[in-house]
Protein chains: 4
Amino acid sequence: MPKTPAKMLTSNAAARSKRVARARGPSPDKTAQTKASIVRAALAEFLDKGFADATIASVAQRAGVAKGTPYRYFATKEALFAGVVQQELVGALGDILEERRERDESVQAFLRRTLLITLGEIERKGRAAIARLVIVEGVRFPALVEIYRREMFDPVLDQIKRLAPVARRRGELPDDRLIRHPHLLIAPVWMGILNNQLIDRDHPIDIAALFEAQLELMFSGEARR
Amino acid sequence: MPKTPAKMLTSNAAARSKRVARARGPSPDKTAQTKASIVRAALAEFLDKGFADATIASVAQRAGVAKGTPYRYFATKEALFAGVVQQELVGALGDILEERRERDESVQAFLRRTLLITLGEIERKGRAAIARLVIVEGVRFPALVEIYRREMFDPVLDQIKRLAPVARRRGELPDDRLIRHPHLLIAPVWMGILNNQLIDRDHPIDIAALFEAQLELMFSGEARR
Amino acid sequence: MPKTPAKMLTSNAAARSKRVARARGPSPDKTAQTKASIVRAALAEFLDKGFADATIASVAQRAGVAKGTPYRYFATKEALFAGVVQQELVGALGDILEERRERDESVQAFLRRTLLITLGEIERKGRAAIARLVIVEGVRFPALVEIYRREMFDPVLDQIKRLAPVARRRGELPDDRLIRHPHLLIAPVWMGILNNQLIDRDHPIDIAALFEAQLELMFSGEARR
Amino acid sequence: MPKTPAKMLTSNAAARSKRVARARGPSPDKTAQTKASIVRAALAEFLDKGFADATIASVAQRAGVAKGTPYRYFATKEALFAGVVQQELVGALGDILEERRERDESVQAFLRRTLLITLGEIERKGRAAIARLVIVEGVRFPALVEIYRREMFDPVLDQIKRLAPVARRRGELPDDRLIRHPHLLIAPVWMGILNNQLIDRDHPIDIAALFEAQLELMFSGEARR
DNA sequence: GATGAATGAGAGTTCATTCAT
DNA sequence: GATGAATGAACTCTCATTCAT
């Protein structure tokens, strides 16, 4: 897990600040490792089998711990699922929304720059699989879906809603279509996730290319002319 | 469905015997009704709870039959699920693909005419919910997903692939984009299903409007100018 | 179980009246037998081990059924316990309270006649063990204790409270002690149950003799003089 | 309890070493305090929940120690229960049996003086609750019941058996009833404990008054005349 | 001595599936 | 064909107990 170094740092910092109170007893480091391996194992298990078919025993086995150990960190199977998925979700977007459009940068260029990079990451990392998981288990975990919407879906949509009028004023848009239907811009991304993750895993489509085509379609970009 | 002929035969036989001896022996008519009510009940159950949380007992209760009765018609719970969903899937498209573009009808007009109507039906009937179910249970039922792809997804896509060059030749398309990315046209539909069924049930978007906007976007329709 | 014949009778009557609605399917007789054997087994198990140490698996084994079968009749282990004990409790007294004092019969003679017989039955049958069970598990099952109090404890006490003034008027009592302390008369019975069931099983005391002594003690019977 | 001397010794050693080196090393004083708080916590836990529902973790939390600490003092949960209850039992009677009947004091007066005071203490302190606990867990802990019988039940009974003939000779008893049924005298006490602790906690009866009434009933006390 | 993370046997409970009636 | 009682594998969750630190 690429995050481990960062986590270890945090853990060590925590250990240092707690050193006075915890001179004896098990190592906080090992604890953090145990939890991390459980979370990792659980994510893999849930991705493989879905919530219903996943078993705690299997998670424990994948993590190399005893059957009861996951319960030290998550009270129930549902809590484990929610905890694991939530952890993957929160802050996953972070960077994109931090990005600011530079002076003289067109909205189209800005969107291409930020969203295209994110899309690459989404596919490279297992983000698309997470999205699929949230969607697939959404009926049982409405709270998770809401988090997903709040943390991932709505921010991107809001960004588009905010930028569309700007682009229109700048003459980048030939009509109000993006203003009226902001979903149109991200539709190809979901189309791609759906196709690649669920419908046709053997013939994945290039989500980035699909998105870029849609971007050029909506903006009167040069490729149009 | 291989059983269909046999069933029809039985049904006919039933109709015949009905006139002769109604009072004694099992009624084949009643049998067909029993199966129908089981299928209906099962679909409702699966839509409500998903495959894992659905129980045969509950299906039986909804259907007003005993717990063992569904097993007369479907060998296992999985077979019940597959059978029920498959039945909803197969032939659901039927009509659209039958439709032929009329002489002088533009491809855009043809697509609007056929797909828009279908979309309306999809939303009016529970088709979108079925789509959701297939997607959600796809990991466990790859065969169903394949059926879905074969019966629903690919036909529409193939239709687009077939018509795109035609439209291009007819001067309806300003570029090759639809030829290279046929998914772009149906992306808004999936965006809508995803949003309305799973992500934001409280704020459904108008799928038909979204699709029409995309249609006009890709074709150099009047609304564009 | 001595009750089986009576129960079978009831069961048969039930089967007869249901015959119209239940022409097919499992035999109601066998069902009743299964439930009876589960109840019997559960009572034995609870008496042997107490609620906490009793296991459903063991109950099932004693009853000669599968582990899941008890759940067809009792939703939870608690329900099984409550159901079994309650069944033993309700109506166990019945007869005593029906008894009426005959003309010219002294209160003392009446109490001796009715309670002494009941005491014999209590010991002969497993009633004392049931009482112990209720008492022992009372903290966890307040509802059961309340039933016990309502069905067994209070009725006897109320009977005494009702008869004490009568006896006093009849000159059978030398003072108001029984009126002020009705518990005194039944105290020896509980003393006996406690001793014989819990404290000193190897040296049981004769509860009937103890009760009779107390009866004579409180009434100025001949034995006193 | 065999450990008592050792403990006292340790305690003394602790007192000694306290003056010399308080700052370093484990404090034996603290150890004794730790054990005491564990015992206290355990008793409360067992009284609250009974043996089966009590958890070591909860005991530790009540005592303000770690989950593993109780195991330093008691090898198993059963040992903890036995140790705690036993400690409450042993020597609890002590004083009563030490008491000697004064010259010219009637047996009745002596019994009233000694037992009545004890009864008050029983109710004031949690002794009755302990009795309840022993009774309730008796099936699982026959050894405890035996201790109870040996330390509490039999001594009182033996005292009565010893004094009854004396009272009879002194003309305090109108007949041999108490000699033949010594249990009769203490029956009201148990009746009271049973009623107040288990059967009808909302309507406690006055155990002391009940006992005194029985005492006067058996002895030809003034109240009788 | 003390800690508390980790263990794993074991219990309650569910439910797809079977089959005698 | 239909019934529903019975089965038993499988799963979640608990908690007494151990032991490295």
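Numbered from 1 within each chain, the chains take letters A, B, ... in sequence-line order. What you see is a predicted model; the values in this text were computed from it and never measured. Atom set for the values below is all heavy atoms of this structure, side chains included, hydrogens, waters and symmetry mates excluded.
- Between B:F51 and B:F81, the ring-plane angle classifies as perpendicular under the 30° and 60° cut-offs.
- Atom CD in A:Q61 sits about 18 Å away from atom P in E:dA6, given to the nearest Å.
- A stem is defined here as three or more consecutive Watson-Crick or G-U pairs, each with both distances under 3.5 Å; for DNA chain E these stems are E:2-21 with F:2-21.
- Checking side-chain atoms of B:E45 against main-chain N and O of B:T55 turns up a donor-acceptor pair under 3.5 Å.
- Contact between the side-chain N/O atoms of D:T34 and the OP1/OP2 oxygens of E:dG1 is not found at any separation under 4.0 Å.
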Sort me out a list of protein N/O and nucleotides 9-11 of chain E N/O pairs below 3.5 Å, or just none if empty.
residue: E:dG10; atom: O6; partner: A:K67; partner atom: NZ; Å: 2.4

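- Distances shorter than 4.0 Å separate some side-chain N or O of B:Y73 from OP1 or OP2 on F:dA2.
- No cation-pi contact links B:K77 to B:F46, judged by a cut-off of 6.0 Å to the six-membered ring centre and 45° from its axis.
- Residue-to-nucleotide proximity on DNA chain F shows that, of D:D53 and B:G64, the 5′-proximal contact is made by B:G64.
- Each of B:E78 and D:A66 has a nearest nucleotide on DNA chain E; the 5'-most of these lies closest to D:A66.
- Checking E:dA6, F:dT3, E:dT18 against the side-chain heavy atoms of B:Y71 singles out E:dT18 as nearest.
- For the salt bridge (charged side-chain N to carboxylate O under 4.0 Å, His left out) test, residues two or more places apart in sequence or in another chain that qualify with A:R140 are B:D53.
- OP1 and OP2 of E:dG12 both lie 4.0 Å or more from every side-chain N or O belonging to C:T76.
- For A:T69, a side-chain nitrogen or oxygen approaches OP1 or OP2 of E:dT7 to under 4.0 Å.
- Both C:K35 and A:A57 lie near DNA chain F, and the one whose nearest nucleotide falls closer to the 5' end is C:K35.
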